[in-house]
Each structure stands twice: as C-alpha cells, then as structure tokens.
Amino acid sequence: MSQWQELEHKYFMKTVERLPITIVRGQGSRVWDENGREYLDFVAGWAVNSLGHCPPVVVEAVTEQVRTLIQTSNQFYTIPQIQLAELLVQHSCLDKVFFCNSGAEANEGAVKLARRYGKRYLDGAYEVITAMSSFHGRTLSMVAATGQPKFQQPYAPLPVGFTNVEYNNIEAIKEATSSQTCAIMLEPVQGEGGVNLPSDDYLATVRAWCDQKGILLILDEIQTGVGRTGSLFAYEQYGIEPDIMTLAKGLASGIPIGAILAKDRASVFTPGDHGSTFGGNAVACAAGHATLKYIIDNGVAGNVKRVGQYFTGKLKQLRQKFQFITDVRGCGLLIAVEFSNDIADSVVKTCLDRGLLINRVKPNALRFMPPLIITNSEVDEALSVLDEALSSIVS
Ligand SMILES: Cc1ncc(COP(=O)(O)O)c(C=O)c1O
C-alpha cells in the first residue's frame, strides 16, 4: 500500500472499497497512477468524463472563467449559466432550467417541483412512483426513491411519498397510481441497477398513462443524458418527451453540476420555492457549456452510437468464446456484460493489473462507460485485455 493509500485509511470514513491504485493524471481516454503506470479508462469517473480526461476545450473554458469570475450569488445574473441554459433548452424538448451541484440534488429538486405541481393542480398530490433496481442518489429522499433495499434498509425510517414498483411492468405502475400520485420518475435505461433496458413500449405506455392521469413524467437522465446512449438525451430514442428531466454526471466533464429541466407547464417554482448557493456556479456552467457545445457541434452522440454498436458486437463475439457470459446488453456507450457466476470483482482486478479500468455493476456483471470520444481501436485494446482476463479466470 502506498503512502497516500495509508493516509486515506487513516483519515477517511470507509464508504467505498477503493481499487489499489492512486490516479494522479488523466489525458483523453487514459489515466496514470503515482508510479507512472498507464491505464485505459472505461469507467470515466462513473460516466462523467464525456470528452475524456482534461479535454482542451473544457480546460480552456474553465481557465478563462476562473480568471474572470468564479462565483456570485444567484441574486444576480451571470452569463455562463444563461448560456448553458439556452443551449440545453435549444437542444431538448424542455423549456426551463434550474442548476444545482449533483445528481441526487437535481432529483430532489425535481421531486420538489412535482410536489409543487401537485399542490397547485392535483389537490395536494405528493407521491412519486419509481422503479425497483433504479438508482436516484444518496440523499434520504433519493434513497427512498431508489428501488433497492440494500440502500434503503440501513436508513429506515425513510421519507414518505415514494412507491417502488417492478421495472418494465406497466400494470404495477397503474396499480400504484392513486389520487395522491403527482409523478412517475424513471431512468430511461437503468444504469447502477445493471444497465437494464426498457421493453419496447414501456416508456411510451408510461407516458400515455401520465397523460391520462394528468400526472408528471420525470426522466432521470443523470447517467443516460448528454450523449451517453447515442442520442443527446435517451428519451429521443423512445419517441416520448418527459415533463421534467434531470442531468448531472457527463454535463460538465467532471466539474460538479446538476440540472433540472422542465416543460413550461411543469415549471411551477416561484421565487423562494427552491435555491442553491453554488448551483449555476460560473466555472461549472462554463465547463458545462464547453462540454455540451463540443458534443453538439462535433456529433459526438453519433460516435457513441457507432462505437457502441462496434463494442457491443465484439462483446457478443466474446460471448461465443466464453459460455459463462450469459448476456451482453446496453445502449450507446452504456454497456453491461453478465456472467453465470459472481466473478465480476475478479475480472475487474485482473483487468486493472493489465492496465484497463472497468466497473463491477453487480457481483455477476460488468459495466462499461468509457469517454464518449473513444475510438474503435481503443475498444479493440480494451477487448483484448478483457479476453485475456476472462481466459485467465477460466484456466
Ligand atoms: C441515474 C442516476 N441518478 C442519480 C444519481 C446520483 O448522482 P450523484 O452521485 O451526482 O448524486 C446517479 C449516480 O450514479 C445516477 O446514475
């Protein structure tokens, strides 16, 4: 264990089992540890480093902004947040934006917005229906929204107002809907839950149900948004539009940011209803604007689609070779490989030893979420390491 790792053990609350490398530098799709060893990064800060590590366009925008203005209070107008909001609205189906600092905070705000809507238009309805295997964040309310008992049980009693129902089951949503329901909140593709894709008509049917009942559809695109699934936002691929959408992760290339977007009719906050000290921070918004503009101007989502298909196709070939691969699924560059046994930890460690960073999303499944600018040849490089790792586990 290195000196840094010893100090971490001394000073940190143990909330995560870290892998035994200390990353000191990143460039493009690669990072380097304190001993100068290079790794190909297919974790990308948990789907955050959209344009890879330290992308020049973002470094320049942030550097310029840090020299000019870092932060004022939201009592004043500032330009970077207005520019980012304009870009988000011009390129989505939503009309209004609120900025915050993380995904969980964006979802909290989205639920507050839905409750505000419920107070105004739905006789005080406040309940939000969410799906099992979802992940919406670590605040107490988002733990209640997250349909995974392992995140909920240690913190009971949880805030009221959330019902978790089976994913991909429209009847379960219908049964759970009552006069107290103000919204349904879903990830278009479940990320942390194991890269679970919606069945063909699920999202469209949920949308129609929300319209029928006059309740709101909130899409949590914190992991799927900003190009990750091969379109700028995942909802575009399912022929629906949300009333509220949340973003974070890949929006600002690693500078903390979160955003709530809403249609005009759902945008019911009035002054004083909601707020944030750092939300809309000038540096974060400059990073967000540079990231999003690059993604839009350079058709990065198209690259995600092409390389994602290439990657998925190659993984399916690997499945022919290794019978213990039971599934390959995903959308764009959010891909999972599932095994018949709980070998994901050992595959992650073997790949790490061979210079590839990947994520264990379940004991028996890996998740790949590389930078969106990844190339076919980097995919080939990752696949050859993975192939070796799987071969070594079999033997
Ligand atoms: C879909 C989704 N929602 C919300 C969150 C929480 O985001 P944050 O960790 O920024 O609070 C995550 C994080 O993984 C996520 O994947």
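Side chains are part of it too, since the values below use all heavy atoms of this structure and drop only hydrogens, waters and symmetry mates. Just follow the structure's listing: the first ligand is 1, and inside any ligand the first atom is 1.
Atoms of ligand 1 lying under 4.0 Å from at least one heavy atom of N107, given by number and element, are 3 (N), 4 (C).
Looking at A104 next to ligand 1, an N or O pair under 3.5 Å apart turns up. Residue contacts with ligand 1: E105 is placed with no nitrogen or oxygen under 3.5 Å of a nitrogen or oxygen of the ligand (distance criterion only). On a distance-only criterion, G103 and ligand 1 share at least one N/O pair closer than 3.5 Å.
In this structure, the ring of Y167 has its center less than 6.0 angstrom from the ring center of Y202. Ring pair F322/F339: centre-to-centre distance not below 6.0 Å.
Atom CG of L383 sits about 7.5 Å away from atom CZ of F368, to the nearest 0.5 Å.
For E187, every heavy-atom contact with ligand 1 shorter than 4.0 Å involves the side chain, none the backbone. Contacts between E192 and ligand 1, counted as non-hydrogen atom pairs separated by less than 4.0 Å, involve the side chain only.
Residues E60 and T63 bring no donor and acceptor atom of their side chains to less than 3.5 Å of each other.
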Subject >> Check against salt bridge (charged side-chain N to carboxylate O under 4.0 Å, His left out), R360 and E17 >> reply: CA-CA 12 Å; R360 178 209 92 135; E17 290 290 352; over 6 Å; no

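Protein heavy atom nearest atom 16 (O) of ligand 1, with residue, atom name and distance: Q223 NE2, 2.8 Å. Among all non-hydrogen protein atoms, the one lying nearest atom 3 (N) of ligand 1 is D220 OD2, 2.7 Å. The single protein non-hydrogen atom nearest to atom 2 (C) of ligand 1 is F135 O, 3.3 Å, given as residue, atom name and distance. With respect to atom 13 (C) of ligand 1, the closest heavy atom belonging to the protein is K249 CE, 3.3 Å.
Minimum heavy-atom separation, G193 to Q148: CA-NE2, 4.1 Å.
Electrostatic pairing of R367 and E192 counts as a salt bridge here, judged by a charged N lying under 4.0 Å from a carboxylate O.
There is no protein heavy atom less than 4.0 angstrom from atom 9 (O) of ligand 1.
Nearest to atom 6 (C) of ligand 1 by heavy atom, out of G137, G225, A248, is G137.
Within the 3.5 Å criterion, the main-chain N or O of M245 finds no donor-acceptor partner in the side chain of Y235.
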